[in-house]
Every structure is written in C-alpha cells, then in structure tokens.
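Note: hydrogens, waters and symmetry copies are ignored here, and every other heavy atom, side chains too, is used. For clarity, every value in this text was computed on a predicted model and none was experimentally measured. Atoms within each ligand, like the ligands themselves, are counted from 1 in listed order.
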Amino acid sequence: MGESTLHPPVTVAITGASGAQYGLRLIEALIAAEHEVWVMVSKAAHLVIETETDAALPARPERLAQTLTERYGAAAGQIRCFGREEWMAPVASGSGAPSAMVICPCSTGTLSAVATGASNNLIERAADVALKERRQLILVPRETPLSAIHLEHMLSLTRMGAVILPAAPGFYHRPASVDDLIDFIVARILNQLGIEHRLLPRWGE
Ligand SMILES: Cc1cc2nc3c(=O)[nH]c(=O)nc-3n(C[C@H](O)[C@H](O)[C@H](O)COP(=O)(O)O)c2cc1C
C-alpha cells in the first residue's frame, strides 16, 4: 500500500484513564481501514498501558511510531507520533490538524483541561484546536462514579460540539470475551467517524 492511497489522518490521543486497550484497538482498526493515524500518548497513559496490557511502548515519539507500525502492520508513514510538548506538530494548529480527533480513553484530568481550554500539553492543545475549528472531537471518558465536576465538564463539552462517548460497553451482543467488549466501544467510535467496519453488527442486522 503506497502512502498516497491512505485515507485522511485521524488523531488518536491515549490518556491515563483505565482502558488503554480501547485506544490501542482503535489505532489498529484505523490502520486496517487504511487511514493515516496521528498518535499522542500521555505520560500517565504509558503507565496505564504498562499496567493493563502486554504492549511495551517506548516513550520517544519516533520509536513509538516504529513500534506501533510493526505491531499493527502499518504502511511506512501511516502512523505518526507526537511528543507532549511538540508545539510545532501539525495537530497544534488549525491549518495542520486533521478533521477528526479521538481521546480514547480520556482521563478526567484531560477532560477537565479540554473543557477549560488549558492547552498545557499537545493533547490538550490539539483538542482545543479541534473545538475552535469546529472539527470532530470525540472523548471516551472512563471513570465511575462521576462527580459534579466530571458531569459539568461533559455537559459543557457536549454543548461545544464534542461527542462524549463513555467507555460503557453494552451486553446485548452477548460478549464472549474482553475483546468483544473493547470492540463494542471501538465500533461506536468508528460509527461516529463514519468509517466502515466489521467489528460488530449494527442494531437490527
Ligand atoms: C493504573 C491507573 C489507572 C487509572 N485509571 C483512571 C481512570 O479510569 N480514569 C481516570 O480519569 N483517571 C485514571 N487514572 C489517573 C490518571 O492517570 C491521572 O489523573 C493522570 O494525571 C491523567 O493524566 P493525563 O490526562 O495527562 O493522561 C489512572 C491512573 C493509573 C496509574
């Protein structure tokens, strides 16, 4: 597959909420759908990935891109990774950022920072750009129970046009494995992005 045949990039940010596998599976699904994927992984997310998965992901963006490329059999250049303070990265500007960004999973810390426009790291800045440019922004929070602060931030982000897609899988598809539960959420994200997939039958199929 040549680089030029790839579909437009989607930004995927993995932050330090539990459920790192949702983010990793999303990257895998986007690669399979032949999209370019621009990845950011927060420092806390690296700790969560180490705790919850067998993936050994390096922190340095170039090495991370190489590891993810090998892990998911991506084409050369299909995955690009950016560092925490890489302010010159295209995602940091309205003129360079992709038309869609997913924060998956989204910690309550990042949720709060995005809701208030903190922009203290590249993930928060990229989300701020998505909001100001009225681009697609999907946040996948995972926390329970939710405080008034969490709920207020979710409401204000929804009102700004972002989609809050909680990591709360359904059970009506009779999941037989953890992978089935993960795919339930990833399928919902792909539906939002308008990307075809075969992870899960649609309702009524
Ligand atoms: C193993 C582990 C699990 C965590 N689970 C959650 C979680 O489910 N939801 C959440 O909002 N924060 C969770 N945290 C806390 C966040 O990682 C922490 O608030 C961090 O500052 C978030 O930073 P980030 O948004 O830059 O990734 C968890 C942390 C660890 C180490």
- Just do the side chain to side chain contact (heavy atoms under 4.5 Å, CB included) check on V114 and D128 with the steps written out, would you? CA-CA 6 Å; V114 176; D128 202 51; over 6 Å; no
- Are R188 and F184 in a cation-pi setup, meaning NZ or CZ lies under 6.0 angstrom from the ring centre and within 45 degrees of the ring axis?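 Yes, a cation-pi geometry holds between R188 and F184.
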Checking a contact table here: which protein heavy atom is nearest [atom], and how many Å away?
{"atom": "atom 2 (C) of ligand 1", "value": "V48 CG2, 3.7 Å"}
{"atom": "atom 22 (C) of ligand 1", "value": "S107 OG, 3.7 Å"}
{"atom": "atom 10 (C) of ligand 1", "value": "E143 OE2, 3.5 Å"}
{"atom": "atom 5 (N) of ligand 1", "value": "S18 N, 3.2 Å"}
{"atom": "atom 11 (O) of ligand 1", "value": "T108 N, 2.8 Å"}
{"atom": "atom 23 (O) of ligand 1", "value": "A44 CB, 3.6 Å"}
{"atom": "atom 9 (N) of ligand 1", "value": "R142 O, 2.8 Å"}

- Item | Donor-acceptor side-chain pairing of D183 and H197 below 3.5 angstrom |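 Not at all, the side chains of D183 and H197 share no donor-acceptor pair under 3.5 Å.
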- Message: Less than 3.5 Å apart, any donor N or O on the side chain of S156 or H153 sitting next to an acceptor on the other?
- Response: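 Looking only at side-chain atoms, H153 and S156 do not form any donor-acceptor pair under 3.5 Å.
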Does any N or O atom in [X] lie less than 3.5 angstrom from one in ligand 1, N or O only?
{"X": "T51", "value": "no"}
{"X": "N121", "value": "no"}
{"X": "E52", "value": "no"}

- Can you label the angle between the H35 ring and the H7 ring as parallel, tilted or perpendicular, going by 30° and 60°?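 Rings of H35 and H7: tilted, as their planes differ by 30° to 60°.
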Looking at every heavy atom in both [X] and [Y], which two are closest together, and how far apart are they?
{"X": "G16", "Y": "S42", "answer": "N-OG, 3.5 Å"}
{"X": "V140", "Y": "P166", "answer": "CG1-C, 4.3 Å"}
{"X": "L190", "Y": "A29", "answer": "CD1-CB, 3.9 Å"}

- Query: Short list, please: which atoms of ligand 1 are under 4.0 Å from a heavy atom of T15?
  - Reply: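 In order of number, 25 (O), 27 (O).
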- Query: What do we get for S42 next to ligand 1 when only non-hydrogen atoms under 4.0 Å count, side chain, backbone, both or neither?
  - Reply: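 Looking at S42 and ligand 1, just side chain atoms fall under 4.0 Å.
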- Query: Given that the side chain starts at C-beta and the backbone is N, CA, C, O, which of these parts of L47 lies under 4.0 Å from ligand 1, counting heavy atoms, or is it both or neither?
  - Reply: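 Looking at L47 and ligand 1, just side chain atoms fall under 4.0 Å.
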- From atom 18 (C) of ligand 1, is the closest protein heavy-atom distance below 4.0 Å?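 It does not: no protein heavy atom is found less than 4.0 Å away from atom 18 (C) of ligand 1.
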- Query: Do other residues, nucleotides or ligands put more than 12 heavy atoms under 6.0 Å from K43 NZ?
  - Reply: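 Result for NZ/K43: open.
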- Message: Looking at T110 and C106, would you say the former's side chain and the latter's main chain have a donor-acceptor pair under 3.5 Å?
- Response: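 A pair under 3.5 Å: no.
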- Message: Heavy atoms only: which of L111, T110, V41, L146 lies closest to atom 25 (O) of ligand 1?
- Response: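 Among L111, T110, V41, L146, the closest heavy atom to atom 25 (O) of ligand 1 comes from T110.
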- Item | Closest candidate by heavy atom, reference atom 12 (N) of ligand 1, pool G16, G109, S112, A113 |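 Minimum heavy-atom distance to atom 12 (N) of ligand 1 goes to G16.
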